2 protein chains.
Amino acid sequence: MKILILGGDGYLGWPTAMFFSKNGHNVKILDNFVKKKIESEENVRPLFPQIPLAERVELWNKNVNSPIKFVFGDLLNHRLLYEVLKDFKPEAIIHYAEQPSAPYSMRGRDSCYFTQNNNVLGTINLLFAMKKFSPDSHLIKIGTMGEYGTPNIDIEEGWLDVEHNGRKERILYPKKPGSFYHLSKVHDSNNIEFATRIWGFRCTDLNQGIVYGLETDETKLDEKLTTSFHYDDVFGTVINRFICQSIIGQDLTVYGNGTQIRSYLNIVDTIKCVNIAVMNPAKKSEFRVFNQYTEILSINEIAEKIIESADSIGLKVKSKSINNPRIEQENHYYNPKNTSLMKLGLNPVKINKGILSNMMKKALRYKDRILKSTIMPRIKWKKE
Amino acid sequence: MKILILGGDGYLGWPTAMFFSKNGHNVKILDNFVKKKIESEENVRPLFPQIPLAERVELWNKNVNSPIKFVFGDLLNHRLLYEVLKDFKPEAIIHYAEQPSAPYSMRGRDSCYFTQNNNVLGTINLLFAMKKFSPDSHLIKIGTMGEYGTPNIDIEEGWLDVEHNGRKERILYPKKPGSFYHLSKVHDSNNIEFATRIWGFRCTDLNQGIVYGLETDETKLDEKLTTSFHYDDVFGTVINRFICQSIIGQDLTVYGNGTQIRSYLNIVDTIKCVNIAVMNPAKKSEFRVFNQYTEILSINEIAEKIIESADSIGLKVKSKSINNPRIEQENHYYNPKNTSLMKLGLNPVKINKGILSNMMKKALRYKDRILKSTIMPRIKWKKE
């Protein structure tokens, strides 16, 4: 299958590209390296040293039958996007090419503007490129469970049947996002649903939980094939941050009272889910939403599991509550559904002591690269 | 009161500015003249000849105690916006400064990109300018009833109480917009609701019906104070288009079967509603939504009223159905609520033969300026 991966240099994009290439697909990746630029701006860096994407692709391609092709480019450059879709005519487009940090989007006007510009208008260009050159491509867009917020009702998969004053309607599930980054994803979903409705596209919106994990089957093949793993306050997600805090002996920083419940999945399950979506495309004119997560835990439960796993390999660590830099509900109902991917065969990896302590053991080898000053939250949601 | 009017050169912005100035308020207007630019691009022009804004302001200011101040500028220029908010510290900000044409947003990639960029990112800049320099200003944002689409349930004012699996939540009323322009307004509302929630702003979102009308009490004072009235396929709304078609003897162009029901209000009621919003500000941290329309009619009912009114002044006109350039439901339920503005004292003008025939009489004086080639829809929603 011809698969175009937008944002193919990222934490998820790069392992996804290797996975599909290994499975014999014709993979092309596009990236504008904007995450690398933000790393420099914010003085953060991935845990593992990475070689440049072009070299990584070259290295990977030595041992595969179906090599990855790489194009440098930006979704804001619509002419390039037009050329790529015209020439490649992908059967699936996996769209990871968005600024992925909620804190970065809240840092100030410039980074908020950048986020919504890059994400929303990049996706607009993609929709018009599809309309013109590849209307039958299956668009797989990475959204986030954070778009929903923490509503007091069960979170369905993208759509909700409501009854009001005795009449019924099926509506896009109401969103209550918690940052300008999450809002950019909501805007994208709304734009994509409309394009699907009027132009007959086939689209899958994957509302993904918080991803954790250091490696996939493909990154393990060679240290130089590592993915961009972050633990910092800009790009780091909570489990990944706690892993790094454990190995440097820093208290696990629980934002607020830690009763916030969130949904999670392992990076290897991200790849599996995206593969399931690719292999089971949406129908024409279908805007399909899957909630892509495998388990639900509070921040305190995560911290406990980390502490226990650290202890099992001789690392003593404790958690401490710090002022929550975000504005979010700390005590709330949370009951999202995730049956669609399960029904399509997802067999998930669950968080356990072995997985977490193995992450710690691997991370320990790069302990000296951890920049301690980048872990505490430097960006606050509140008005100063 | 210090009132900042963004988009103060427009069909609604200019009469709004004169109204508040006449009532003794300290009015500053900002405009980037982008509508004038699009007029040139699309080869359309307002029915009445207009003098440039700076001259109009000068003329208006000769006879008032509270002169209007005008600043040329673009919301995308955040430095200018910062300066204006810092210096002027408005008590109310009336935000009309958006590309207002649904067809233009659907013309192609460039005009869609322009629309979402101008509207969404301009509003982002405004939110950050408010955060920094004027967090207590009451933001009054002009939205549209078109954001809701035509759902099968009653349309409430911005929020909806839902019960799902035995639990309750109050959600932002689900939107199903019908163009990339309408989507830009939905994105704005989502961004503004979030900013209000986390930064404690006071905001009113006015979801306005389709405005019709040639003049207000202030534009009537001098022909040179006329507002930008459009009848064309880019900026013209249905009643205004039908008025012009009647006077040139062109069949009224009903899109599709004409059973689409929409909400309407007279331009004089727009001014009244905005005034009510200004005089009754939202509370701190309140994102308040008013549905701003005064009556509901199908396109066929509008056409009948126009035909009857034309007949009463000796103009013979008929309607004809043409292929609908838009993709929209033609047979649908439609029951929006508009009690909030009524409760606050709105006493609306209703469509009647007198109003419509007076519009025709006034428009007749400019009959020779009507560009017949700009009336039929040139932009289609469907994939070519």
Side-chain angles (χ1 to χ4, degrees), chain A residues 76 78 82 106 108-110 112-113 115-117 120-121 124-125 127-129 131-132 135 151-154 156 160-180 182-184 186-187 190-191 193-195 197-200 326-327 333 335 381-384, chain B residues 76 78 82 106 108-110 112-113 115-117 120-121 124-125 127-129 131-132 135 151-154 156 160-180 182-184 186-187 190-191 193-195 197-200 326-327 333 335 381-384:
Chain A
L76 294 183
H78 71 278
Y82 280 17
M106 299 302 295
R109 190 211 63 87
D110 57 340
C112 169
Y113 189 104
T115 302
Q116 294 214 350
N117 187 58
V120 180
L121 295 174
I124 284 287
N125 280 344
L127 294 173
F128 277 90
K131 174 175 183 259
K132 206 169 168 73
N152 194 41
I153 54 173
D154 297 343
E156 304 298 331
L160 179 66
D161 292 309
V162 294
E163 193 173 327
H164 178 54
N165 298 345
R167 302 182 60 89
K168 290 177 179 178
E169 182 58 292
R170 183 171 177 252
I171 61 171
L172 276 180
Y173 194 94
K175 305 282 181 74
K176 198 173 181 180
S179 76
F180 285 114
H182 290 99
L183 276 154
S184 76
V186 173
H187 305 341
N190 286 332
N191 282 333
E193 187 276 331
F194 173 68
R197 177 161 32 107
I198 64 161
W199 294 334
R326 304 187 177 209
I327 297 176
Y333 181 74
N335 188 29
W381 265 232
K382 280 196 176 58
K383 205 167 45 158
E384 283 121 51
Chain B
L76 294 182
H78 71 279
Y82 280 16
M106 298 302 296
R109 190 209 64 84
D110 56 341
C112 169
Y113 189 104
T115 302
Q116 294 214 350
N117 187 59
V120 180
L121 296 174
I124 285 287
N125 280 344
L127 294 173
F128 278 89
K131 175 175 183 261
K132 207 167 167 73
N152 194 41
I153 54 173
D154 297 342
E156 304 298 332
L160 179 67
D161 291 309
V162 295
E163 191 172 331
H164 178 55
N165 298 344
R167 300 182 61 88
K168 290 176 180 180
E169 181 59 291
R170 181 169 179 253
I171 61 172
L172 275 180
Y173 194 95
K175 305 282 182 78
K176 198 174 182 181
S179 77
F180 285 114
H182 290 98
L183 278 153
S184 75
V186 173
H187 305 342
N190 287 332
N191 283 333
E193 186 276 330
F194 173 68
R197 180 163 27 112
I198 65 160
W199 294 334
R326 303 186 175 209
I327 298 176
Y333 181 73
N335 189 28
W381 266 230
K382 282 198 175 56
K383 205 167 47 159
E384 282 121 52

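Here is how names work: the chains are called A, B, and so on, in the same order as the sequence lines, proteins then strands, and each is numbered from 1. Computed from a predicted model, the values in this text were never measured in an experiment.
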For a quick test of reading the model, state the closest non-hydrogen atom pair linking A:Phe128 to B:Gly108 and the distance between them.
CE2-C, 3.5 Å

Heavy-atom pairs under 4.5 Å with chain B are the metric here; pick the option from A:Glu163, A:Met106, A:Lys175 that has the most.
A:Met106

Dump the intermediate steps for side-chain contact (heavy atoms from CB on, under 4.5 Å) on A:Asn165 and B:Ile153, then the final yes or no.
CA-CA 7 Å; A:Asn165 298 345; B:Ile153 54 173; over 6 Å; no

Just do the side-chain contact (heavy atoms from CB on, under 4.5 Å) check on B:Asp154 and A:His164 with the steps written out, would you?
CA-CA 7 Å; B:Asp154 297 342; A:His164 178 54; 4.0 Å; yes

B:Trp381 side chain to A:Trp199 main-chain N or O, any donor-acceptor pair under 3.5 Å?
no

Please identify, among A:Glu193, A:Glu156, A:Lys132, the residue contributing the most non-hydrogen atom pairs under 4.5 Å to chain B.
A:Glu156

side-chain contact (heavy atoms from CB on, under 4.5 Å) between A:Val120 and B:Gln116: does it pass, once the steps are laid out?
CA-CA 8 Å; A:Val120 180; B:Gln116 294 214 350; 3.7 Å; yes

Over all atoms of both residues, closest heavy-atom pair of A:Tyr113 and B:Asn125
CD1-OD1, 3.4 Å

What's the verdict on side-chain contact (heavy atoms from CB on, under 4.5 Å) for B:His187 and A:Asn191, showing C-alpha distance, side-chain angles and the deciding distance?
CA-CA 9 Å; B:His187 305 342; A:Asn191 282 333; 3.1 Å; yes

Quick check for you: among B:Asp161, B:Leu121, B:Val186, B:Ile171, which has the greatest number of heavy-atom pairs under 4.5 Å with chain A?
B:Leu121

Between A:Arg109, A:Arg170, A:His78, the one whose heavy-atom pairs under 4.5 Å with chain B are most numerous:
A:Arg109

Residue from A:Cys112, A:Ala195, A:Gly166 scoring the most non-hydrogen pairs under 4.5 Å with chain B is A:Cys112

Got a donor-acceptor contact below 3.5 angstrom from the A:Asn152 side chain to the B:Lys168 backbone?
yes

